[in-house]
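Note that the structure is a prediction, hence the values are computed from the model and not measured. By convention in this document, chain letters (A, B, ...) are assigned in the order of the sequence lines, proteins followed by strands, and residues within each chain are numbered from 1.
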Amino acid sequence: MKVLIADDEPVSRRLLASSLERWGYEVVVAADGLEALELLQLPDAPNLVVLDWLMPGMDGVELCREIRRQKEEPYTYIILLTAKRTQADIVEGLENGADDYLTKPFHAQELKVRLQTGKRILCLMEQLLQARAALRELAMHDGLTDLWNRAAILESLDAELDRARRQGASLGLVMFDLDHFKAINDTYGHLAGDEVLRAAAKAIRDTLRPYDSVGRYGGEEFLLILPGCDERNAVCHAERLRLVLSELHVPATRDEIRVTASFGVAVAGPGAEADASGLIQAADSALYRAKRAGRNRVELAHMAHLVSA
Amino acid sequence: MRVETIANQRAGIVQHSNLSPTSTEPVGHVDFAGLWERVDGNFELLEDLVGLFLDNSPLLLTQMETALAQGDCRRAERAAHTMKGSLLNLCANAGAELALELEMAGRAEDRDRAQRILTALQEEWRRVRSELVAMTKGAAI
């Protein structure tokens, strides 16, 4: 584990670095508070920090405050190491964000175990962050297809609409639905239906640009967000996706399952006052028309009311 | 090991430095046993620490002198604080006490007192320096 030590007094700094290295830490050294702050901004900066209190430029307590102000995550565990030893000093140090406090000259074994405490807390913190990230990932993904789930794709649509408005760009939205999916379930069973959804999701994902997003909106219904696409581009994307899905062969017990899908495309042009629900409604109406017109086709929404002001 | 021998010999005579004027015991200015323990028996580290002290402490003394000559007690206080840290780490406890007193005199803006303590600190520093040099060269003092 990396440890940053900041101390302007060279004998103390060398002694500290030598002890930490002996205990197996990777030591990063700063000769004052400002240098320490700079080192803490770097990627892969240490999360365990031992600070002297009195240093030129920025002292240890100021540095504690600055670290707490700037860095919420990952957590930085701070041990103040100083010749100041009154109760008022200890209170001031801890109040300003230090996690622990040790007086100089440090007692090697005491510093060693206090660093272990810091290390233990940082490991727990890391585990918590990983668990939270995993939960967040689970909460935003559809378990069957691994695409974004409904809530996540709607959130993404709001964000992309905001971005399009800020940048004066257009935004395409495609709502599409596998044709006759109920018949697939009825004929081949629900497990086969799930397999079709998974295979379709994979095929859809393979057609995306890095900045497109796709999510499962309902049972066999999907939403695709296409940032920067005008009507012609959005229809092209939908058409390509229609072709990809129509060429899909999903193995089943008796034979292969073939699918097609119908597409409704809606585009918010640059400067359009479109909100997410208006755009979804427009794409949904276009999808309805595609279904009515025989399925396995792409229809473009009439967006007269969303033309730029 | 020669340093260990020296350290043990010294530790037998002097447990801690003190500045007691009534003391008739031989007074060491560096607690060798404590310092040897602090560097965990690592002679190279000891040499490094002494080298750093010899390089940096004269600058601190000059800073204190200049600051007091200019009436800048707070700057003298800061330099004394840093000097105190070095001396404590090298187990030069009497010197560290003087540095602490100078630090406090500086904080109290008591220039005359700070000047008197600085003179004592400069003398103590010379003794500490010669003991440290002797220790790292393995010579008797």
Side-chain angles (χ1 to χ4, degrees), chain A residues 5-25 27 29-36 50-63 79-86 88-89 92-93 101-113 115, chain B residues 16-17 30-31 34-60 63 67 74-93 95-104 106-107 125 128-129 132 136:
Chain A
I5 57 177
D7 195 330
D8 63 318
E9 198 271 287
V11 174
S12 171
R13 204 163 59 226
R14 176 73 182 89
L15 196 55
L16 196 54
S18 164
S19 299
L20 295 180
E21 279 161 5
R22 205 166 61 242
W23 300 331
Y25 292 99
V27 180
V29 180
D32 59 53
L34 288 171
E35 189 186 352
V50 181
L51 300 180
D52 181 29
W53 185 316
L54 287 179
M55 289 184 286
M58 175 182 278
D59 70 27
V61 166
E62 280 177 80
L63 186 52
I79 300 175
L80 263 182
L81 188 63
T82 170
K84 285 172 170 269
R85 56 183 71 219
T86 68
D89 292 330
E92 188 186 350
Y101 191 102
L102 213 62
T103 51
K104 276 184 176 179
F106 66 91
H107 182 273
Q109 283 308 310
E110 190 178 352
L111 176 62
K112 189 177 179 182
V113 294
L115 281 165
Chain B
H16 295 287
S17 305
V30 177
D31 169 7
L35 180 53
W36 190 237
E37 192 184 327
R38 179 152 294 157
V39 297
D40 200 26
N42 181 338
F43 186 70
E44 279 179 18
L45 176 58
L46 176 69
E47 279 185 315
D48 271 3
L49 297 185
V50 171
L52 287 167
F53 179 74
L54 297 180
D55 286 347
N56 289 284
S57 55
L59 301 175
L60 291 171
Q63 271 178 30
R74 300 315 289 257
R75 200 153 67 87
E77 177 200 351
R78 278 209 62 98
H81 175 84
T82 307
M83 176 69 103
K84 179 186 71 183
S86 291
L87 290 165
L88 274 175
N89 277 314
L90 292 167
C91 296
N93 300 321
E97 275 174 40
L98 282 171
L100 172 63
E101 282 180 39
L102 206 158
E103 191 183 345
M104 292 192 299
R107 195 173 310 151
W125 174 81
V128 167
R129 181 187 58 179
L132 288 172
T136 48

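- Of the atoms belonging to A:Arg22, it is side-chain heavy atoms, and not backbone ones, that fall under 4.5 Å from chain B.
- Proximity to chain B involves both the backbone and the side chain of A:Ser12, based on heavy atoms less than 4.5 angstrom apart.
- The nearest pair of heavy atoms linking A:Val11 to B:Leu49 is O-CD2, 3.6 Å.
- For the atom pair CG of A:Asp52 and OG1 of B:Thr82, the computed distance is 8.0 Å after rounding to the nearest 0.5 Å.
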Report all side-chain donor-acceptor pairs from residues 51-59 of chain B shorter than 3.5 Å, counting only partners two or more places apart or in another chain.
residue, atom, partner, partner atom, Å
B:Asn56, ND2, B:Leu52, O, 2.8
B:Ser57, OG, B:Phe53, O, 2.5
B:Ser57, OG, B:Trp125, NE1, 2.8

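- Among all heavy-atom pairs drawn from B:Gly85 and A:Glu9, the shortest one is C-OE1, 3.4 Å.
- Between the OG atom of A:Ser18 and the CG atom of B:Asp48 there is a distance of 8.5 Å, given to the nearest 0.5 Å.
- B:Arg38 touches chain A through backbone and side chain together, each having a heavy atom under 4.5 Å away.
- When the side chain to side chain donor-acceptor pair (under 3.5 Å) test is applied to A:Glu110, the partners found at least two apart in sequence or on another chain are A:Arg114.
- Shortest non-hydrogen contact noted between A:Met55 and B:Arg78 is C-NH2, 3.4 Å.
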